[in-house]
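Letters go in sequence order (proteins before strands), and every chain restarts at 1. Computed from heavy atoms alone, side chains included, the values below leave out hydrogens, waters and symmetry copies.
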Amino acid sequence: MLQKPRGTRDFLPDEMESRREVEGMMRKVARTWGYREICTPEFEELELFTIRSGEGIIQEMYVFEDKGGRKMALRPELTAPVLRMYVNEGRTLQKPLRWYYFADCFRYERPQKGRYRQFWQFGVELIGADSPIAEAEVIMLAHEALSSSGISFSLHVGHLSFMRVLLQELEPDEQKRARMFLDKKDTAGLEDYLSSRDHSGLSDRLIALAGCRDLKEACAITGDNPDRKRIEDLFTILDQSGICYTLNPGIARGLDYYTGMVFEAFAENLGAENQVLGGGTYRLAHLFGGEDTPSCGFAIGFDRVMVARGDKGTAGGVVIGLAFTPEGRGWALTVAREFRRAGICISFDLSGRSIGQQISHISRTADFALIIGARERDEQVVTLKDLRSGMQKELTLSNALCEVRGADPR
RNA sequence: GCCAGGGUGGGGUAGUUGGUUAUCCUAGGGGACUGUGGAUCCCCCGACCCGGGUUCGAGUCUCGGCCCUGGCCCCA
């Protein structure tokens, strides 16, 4: 038997329905903030992704050569394609641009809980705005979009300039090593490394900063910071916004293209891959041939959100099965048409067996059985049986519609 | 790329020191029963992840691979 490719998933209707429900809530949130949906190609020129991240990421991407000999890649993320799109066709649009996307991405990685080779991201990009209020907007929108999914999460907001100020006395490769130690919370390793490099005074301050959760404290640790005013503005707005967040100056991540504010969200019961959202302020447009444009955005790991939600069922609508005899078929077709026009889900029993057998089959999945035979046809009525109570009534079509509309699905 | 634990019908399972036709439950399909039913009875469908080795004989032992689950690494 053929199997699906490693790291991919099939979705049965139940799961698909709940995915669409969550997706719909996120879309709705984005729309109410004035963000509009865009779509970019599933594959791009490989260079689009290596230009920023280097050749190293090729081994983690689906890369192929097309029939014209071009090096292509399935998109591993959306930010670069969106900014490429902005440079190609968004430059003359009025700024700022508020865009969102819901799209699948591909990465060639070892699958595990919450990590798949094909996965979906919901994200937004705010292009052409450069202010604390713009950054705050993106954070607030992220918070609302994630909240709408119903999961519980913690939101961490930081700013790269804290770390940058402390690290500026180090060489670039030393900075990288120091960040690595901080990421792993290896304080002893960091201390050893920095004292071996004649920066022994630095490790205490770095460790204090990474653990710091208070703005005044963070500013005290870092001292002179050219971005201080702006950072204070940002956090003042966030405090006014009413969202719940944690200041975390230690967020460094491996993202070299972020320029200032960075933020992340983590969900519970997700195992090792518990980050469900990442975002920040960045500048990418100039890499793709555009003007240097300030941008801010985030991406939600949609599949991880779904894992974190667990098996929450979705409330579907009422479902009706239609049992009919050959004599009643014409009338049954008319009745079904009217139910569908009213937006109610109704399916014929396709077996052509006896009414009893049809109902027996229907009763396993539906809320109501509608029975139509010669008798109903002659009187232009329907027999509606509530399968939960066992009660049944002979009703006119419009009365049957009313009856069903007022009912709750099982 | 590394580590651990796994892989028997669609799902869940039994399978003895290696020994007939691989167990049971469930789901699915069909029939008995031609207008009141989710029942009952009967039937059907359908599996040892793949390949090599040991053996008279492998679901069982062994090696390699694939895949799954979790962790490490990475995380644009």
For this session: Assign A:G373 to base, sugar-phosphate, or nothing according to its heavy-atom contacts below 4.0 angstrom with the strands shown.
Result: base
For this session: Please give the nucleotide sitting opposite B:C72 as a Watson-Crick or G-U wobble pair, both distances under 3.5 Å, or none.
Result: B:G1
For this session: Tell whether A:R110 reaches the base of B:G70 with its side chain through a donor-acceptor pair below 3.5 angstrom.
Result: yes
Exercise. Does A:Q392 have a side-chain nitrogen or oxygen under 4.0 Å from the phosphate oxygens OP1 or OP2 of B:U36?
Worked result: no
Problem set entry | Pairwise distance CD(A:E171) to NE2(A:H199) - rounded to 0.5 angstrom | 7.5 Å
Exercise. Roughly how many Å is it from CG in A:D10 to P in B:G11, rounded to a whole number?
Worked result: 12 Å
Problem set entry | A:Q357 CD - B:G31 C1' separation (whole Å) | 8 Å
Exercise. Rounding to a whole Å, what distance do you find between A:M61:CE and B:C74:C1'?
Worked result: 14 Å
For this session: Considering just the side-chain nitrogens and oxygens of A:R115, establish if one lies under 4.0 Å of OP1 or OP2 belonging to B:G70.
Result: no
Exercise. Under 6.0 Å between the ring centres of A:H143 and A:F153?
Worked result: yes
Problem set entry | Pairwise P distance for B:G59 and B:U21, with rounding to whole Å | 11 Å
Seminar exercise, completed: Taking a pair to mean Watson-Crick or G-U wobble geometry with both distances below 3.5 Å, B:U54 pairs with none
For this session: For B:C33 versus B:C43, give the span between their C1' atoms, rounded off to a whole number of Å.
Result: 16 Å
Exercise. A:L370 CG to B:U36 C1': how many Å, rounded?
Worked result: 14 Å
Exercise. When the distance from CZ of A:R353 to P of B:A32 is rounded to whole Å, what number comes out?
Worked result: 10 Å
Exercise. Rounding to the closest angstrom, what is the interatomic distance between B:C24 and B:G15 at atom C1'?
Worked result: 11 Å
For this session: Could you walk me through whether A:E125 and A:T79 pass the side-chain hydrogen bond (donor to acceptor under 3.5 Å, both in side chains) test, one step at a time?
Result: CA-CA 8 Å; A:E125 307 295 346; A:T79 302; 3.1 Å; yes
Exercise. When we call it a touch if two heavy atoms are under 4.0 Å apart, what does A:A374 touch: a base, just sugar-phosphate, or nothing?
Worked result: base
Exercise. So which heavy atom on A:F288 is nearest to which on A:V87, and how close?
Worked result: O-CG1, 3.4 Å
For this session: Using a 4.0 Å heavy-atom cut-off across all strands, classify A:G328 as base, sugar-phosphate, or nothing.
Result: nothing
Problem set entry | Same-atom distance (P) from B:G51 to B:C56, integer angstrom | 22 Å
Exercise. So which one's nearest nucleotide on RNA chain B is more toward 5', A:T325 or A:S389?
Worked result: A:T325
Problem set entry | B:U40 versus B:G35 - spacing of their P atoms, nearest Å | 22 Å
For this session: With P as the reference atom in both, quote the distance from B:C75 to B:U17 in angstrom, rounded to an integer.
Result: 50 Å
Exercise. For A:R107 and A:E394, take the nucleotide of RNA chain B holding the closest heavy atom to each; which residue's nucleotide lies nearer the 5' end?
Worked result: A:E394
Exercise. Tell me, which pairs form a side chain to side chain donor-acceptor pair (under 3.5 Å) where one or both residues lie in residues 317-336 of chain A, sequence neighbours left out?
Worked result: A:T325-A:E327
Exercise. Under 4.0 Å between a side-chain N or O of A:R364 and OP1 or OP2 of B:G28?
Worked result: yes
Exercise. Distance between the C1' atoms of B:A22 and B:G64, in whole angstroms?
Worked result: 27 Å
For this session: Sticking with atom P, work out how far B:G6 lies from B:C49, rounded to a whole angstrom.
Result: 14 Å
Exercise. Do the side chain of A:E376 and the base of B:G35 come within less than 3.5 angstrom through a donor-acceptor pair of N or O atoms?
Worked result: yes
Exercise. Among B:G38, B:G70, B:C73, which is the nearest nucleotide to the side chain of A:E273?
Worked result: B:C73
Exercise. If you check every side-chain atom of A:Q112, which of B:G71, B:G38, B:C74 has the closest atom?
Worked result: B:G71
For this session: Write down the distance between CZ (A:R117) and P (B:C74), rounded to a whole number of angstrom.
Result: 18 Å
For this session: Quick one: look up who B:C67 pairs with, Watson-Crick or G-U, both distances under 3.5 Å, and put none if it's unpaired.
Result: B:G6
Seminar exercise, completed: Sorted by chain and residue number, the side chain to side chain contact (heavy atoms under 4.5 Å, CB included) partners of A:Y108 (sequence neighbours excluded) come out as A:Y62, A:R117
Exercise. Would A:N248 and A:T246 count as having a side-chain donor-acceptor pair, cut-off 3.5 Å?
Worked result: no
For this session: Give A:E77 one of three labels, base, sugar-phosphate or nothing, depending on what nucleic acid heavy atoms sit under 4.0 Å from its own.
Result: sugar-phosphate
For this session: Take the protein atom CZ of A:R6 and the nucleotide atom P of B:G65, then report the distance between them rounded to whole Å.
Result: 13 Å
For this session: Quick one: pull up CD in A:E77 and CZ in A:F106 and give me the separation to the nearest 0.5 Å.
Result: 13.5 Å
For this session: Could you please name the option among B:G38, B:U36, B:C73 that lies closest to any side-chain atom of A:S363?
Result: B:G38
For this session: For the side chain of A:R375, starting at C-beta, report the closest nucleotide among B:G71, B:G38, B:G35.
Result: B:G35
Exercise. Base, sugar-phosphate, or nothing for A:Q59, non-hydrogen atoms under 4.0 angstrom?
Worked result: nothing
Exercise. Rounding to a whole Å, what distance do you find between A:D349:CG and B:U34:P?
Worked result: 16 Å
Exercise. Does B:U36 have a Watson-Crick or wobble partner in any strand here, with both distances under 3.5 angstrom, and which is it?
Worked result: none
Exercise. When we call it a touch if two heavy atoms are under 4.0 Å apart, what does A:E109 touch: a base, just sugar-phosphate, or nothing?
Worked result: base
